[in-house]
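Side-chain atoms are counted along with the backbone in the values below, which use heavy atoms only and exclude waters and symmetry mates.
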Amino acid sequence: MAISVLGPTFPELAENVGSTVGNISYVFVGRSLGYLCGSVLGGVLFDRINQHLLLGLSMLATCGGLLMLPWCKKAIFLIGVMSVVGTSMGFLDTGGNVVILNTWGDESGPHVQALHFSFALGAFLAPILAKLIPEILPLEKIHIIGSQVVPVDNRTSQKLLDLPLGIKKPMLSYIVISTYLLLVSLFLFILYSKTQSNQSSIKSSEDKLRTAKHHNAIIFLLFLFFFCYVGAEVAYGSYIFTYSITTVGMDHDKAAGLNSIFWGLFAAVRGLAICVATCLYPGTMLLLSMIGCAVASLFLLLFHTHPIVLWVGSALYGASMATTFPSGFSWAQQYTTIGGKAASLFVVGAALGEMAIPASVGYLQGMFPTYPVLMYAILASSVLTAILFPVMYKLATYPRNKTRWDGVETEDRQALLSGPGIEEEEEDAQLWNDADFEAIEMNDQSKNCCNTVMQASTSEVTSTSEASNQLVTKNGAASEPIANRSPSFKLNADREKND
C-alpha cells in the first residue's frame, strides 16, 4: 500500500512542492536507492539483531515517512523522506522472507505465497483508498490542531494551537495507511518483548549440514534469476498499456482493461497459490510457472498484433509469473540455508532488474518504434530463466564432499556425535563395568575361600564345595543375579561379603 499510494497522489505531491509531475519524477530514484541500501543493510543486520525488533522499527519508519510526505513543501525534503521510506521498505522485503523461512523452514511454501499475495493485495487496495477516503470525508481541506483533525471552518477559535500546515483530500490516504502501519509495528514490538533470545543468531547443526556444496554459486544464479523475472514483470505491467494503444490500436478503455487483467490474475493466482503450495513442491510450482511464461511470451511475440492473443497471452503471463518469486525462495530453502545476506541479494537483484529492464525496454522502443521490443524482452527473460533453473538444480543436488568425514574426526563431528544424552549413557556404562569387575573379584575371593574349606573338611563338605565350585567357575553364573541388578545393590553385596 505504501508503494502504490504514491501514484494516485503524485499530482498533489507535485503541487505541494510547487512543481510539475515531470520535474519531481526523480523522487522514484531516491526511493529506489533507499530500497537498495535498506535491502543490503537489512541482510547484514537480520543475522545479528532480533528480527521482530528490526521489522517493528522498519514499520515505524515507514509510518513516519508516510505521515511526513503530505507536508513536504520543498523538493529536497520530499526526496529525503522518500529515501527513508524506500530504506525501510528494503528492510521489510528482506526481513519478511527471512522471518518466514526461519519460522517454518521446509514447510514455509504456503506462508511465503501468503506474504507475496499480501503485496499484490496492498497494491490493489491503495489506489481504491486514495479515491474513496476523500469521498467519505467531504472536506475541501482539513487542518491539524494539536492531535485532532478538524474542518477549516472550525479552527478560528483555536488560533493559538493552529499549525500553518494543511492537506488536501487525496492526501488523507497517507494518514489512514500510516495508522495501519503503526498498529502492525506495535504487534511486532509485542512479539519482540515475548522473545527471550535472538533466534536469528542461532544456527542449528541441521542448517549447517544442509548448506549446499556450491552455496555461493546457487545464490548468485538466483540473483540473476530474480533480476530477469522481476524486470520482465515490471516492464510488461508498465508498458502493456502504451503498447496496446500504439502498436495494436486499442482504445484507452480496452488498454486499461488489458493492464487490469494482467495484474488482477497476478494477484488472484498468488492467493490461490497459498492452497496449492500445500499440495505441490516449490520446484514443481516453479517449473510450471516457467513453462507458462515461456509459452505466453512466445505467442505474444509471434502474434503481437492480434488483440485476442494479446488478451489471452496477458492473462496467461500474469498467472504464470504470480508464483515465481515466492516459489524461488521456498525452493532454495530446501537445498541450502537462506539467511539474511542471501535474502538481501535476492531482493537487490529484483530491485536492479526492476530498474534496468524497464528502462532498457523504453530506450530501445524509442530507437526501434516498429519492432515489438517489449515482447522480445519478455521472451528473452523467459529463455534466460529456463536456462538458469536446470543449472541451479544441478548445483543444488550435487553431492556434498565426504572427505571431511574420513580420517581424523573434526570438532564439528565430535560435537555432532557427543551430547548430554550420550555422555550420561557413557557414565552409566562405566558404572556398570566397574560393578562387573567388583563382582568378578568377589567371585575370585569366594573361590579361594571354598578351596581352603575343601582341604580341611570332611568328604560331605568336600562334595558340597565341589558343587559350589562348579557354580562359581561357570562363567560367573553365581554372580549373574547380582550383575543384573543395580550398581548400588552390587556395592552393598560386596560390603556384606567383606564383613
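- Side chains of V234 and I357 form no contact here, defined as non-hydrogen atoms less than 4.5 Å apart.
- No donor-acceptor pair closer than 3.5 Å links the side chain of R31 to the backbone N or O of M82.
- F325 approaches A350 most closely through the heavy-atom pair CE1-CB, 3.9 Å.
- Formation of a donor-acceptor pair under 3.5 Å by the S244 side chain with backbone atoms of F241 is found in this model.
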*asked:* Set out, in order, the CA-CA distance, both residues' side-chain angles and the distance that settles side-chain contact (heavy atoms from CB on, under 4.5 Å) for L310 and M375, then state yes or no.
replied: CA-CA 11 Å; L310 199 59; M375 303 309 171; 3.9 Å; yes
Kindly list each side-chain donor-acceptor pair under 3.5 angstrom involving residues 33-41, sequence neighbours excluded, with atom names and distances?
from, atom 1, to, atom 2, distance (Å)
Y35, OH, D93, OD2, 2.3
S39, OG, Y35, O, 2.8

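- In summary, the aromatic rings of Y236 and Y317 are positioned with their centroids under 6.0 Å apart.
- Here the closest non-hydrogen pair linking Q113 and P326 is OE1-CG, 3.3 Å.
- Between the side chain of S381 and the backbone N or O of C228 there is at least one donor-acceptor pair closer than 3.5 Å.
- Side-chain contact between L316 and S320: present, with at least one pair of heavy atoms (C-beta onward) separated by less than 4.5 Å.
- Side chains of V17 and K74 form no contact here, defined as non-hydrogen atoms less than 4.5 Å apart.
- When all heavy atoms of H215 and T337 are compared, the closest pair comes out as CE1-O, 3.2 Å.
- Looking at every heavy atom in both residues, L188 comes nearest to G56 through CD1-N, 3.7 Å.
- Not one N or O on the side chain of Y243 forms a donor-acceptor pair closer than 3.5 Å with the backbone of L374.
- For N97, the side chain to side chain contact (heavy atoms under 4.5 Å, CB included) test picks out V112, L115, H116, F329, with sequence neighbours left out.
- When the side chain to side chain contact (heavy atoms under 4.5 Å, CB included) test is applied to A356, the partners found at least two apart in sequence or on another chain are F227.
- Formation of a donor-acceptor pair under 3.5 Å by the S88 side chain with backbone atoms of V85 is found in this model.
- At a threshold of 4.5 Å between non-hydrogen side-chain atoms, the residues Y371 and H304 do not count as touching.
- With sequence neighbours excluded, the residues that form a side chain to side chain contact (heavy atoms under 4.5 Å, CB included) with Y281 are T284, Q334.
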*Take Y174 and W71 through the ring pair (Phe, Tyr, Trp, His ring centres under 6.0 Å) test and state the conclusion after the steps.*
CA-CA 11 Å; Y174 286 97; W71 289 283; 9.4 Å; no
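- Residue F119 comes nearest to R270 through the heavy atom pair CB-NH1, 4.4 Å, listed as atom of the first residue, atom of the second, then distance.
- A 4.5 Å side-chain heavy-atom check between T324 and F226 finds every atom pair outside the cut-off.
- At least one side-chain heavy atom of L69 sits less than 4.5 Å from a side-chain heavy atom of L66.
- Checked by atom type and distance alone, the side chain of S58 pairs as donor or acceptor with a backbone atom of L54 at under 3.5 Å.
- The aromatic rings of W331 and Y335 lie tilted to each other, with the angle between the two planes from 30° to 60°.
- Under the rule for a side chain to side chain contact (heavy atoms under 4.5 Å, CB included), the partners of F189 that lie at least two apart in sequence or sit in another chain are L53, L57, L60, S185.
- At least one side-chain heavy atom of F266 sits less than 4.5 Å from a side-chain heavy atom of E233.
- A distance-only check finds a donor-acceptor pair linking the side chain of Y229 to the backbone of M321 [under 3.5 Å].
- Between Q365 and P372, the shortest heavy-atom contact is OE1-C, 4.4 Å.
- Side-chain contact annotation: T323 with S289, donor-acceptor N/O pair under 3.5 Å present.
- In this structure, L388 CG and M392 CE are separated by 6.0 Å, a value rounded to the nearest 0.5 Å.
- Between F46 and F91, the ring-plane angle classifies as tilted under the 30° and 60° cut-offs.
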Return a table of donor-acceptor pairs under 3.5 angstrom between the side chains of residues 291-301 and protein atoms on other chains or two or more places apart.
from, atom 1, to, atom 2, distance (Å)
S297, OG, C293, O, 2.8
S297, OG, A294, O, 3.1
S297, OG, S382, OG, 3.3

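- A 4.5 Å side-chain heavy-atom check between F223 and L352 finds at least one atom pair inside the cut-off.
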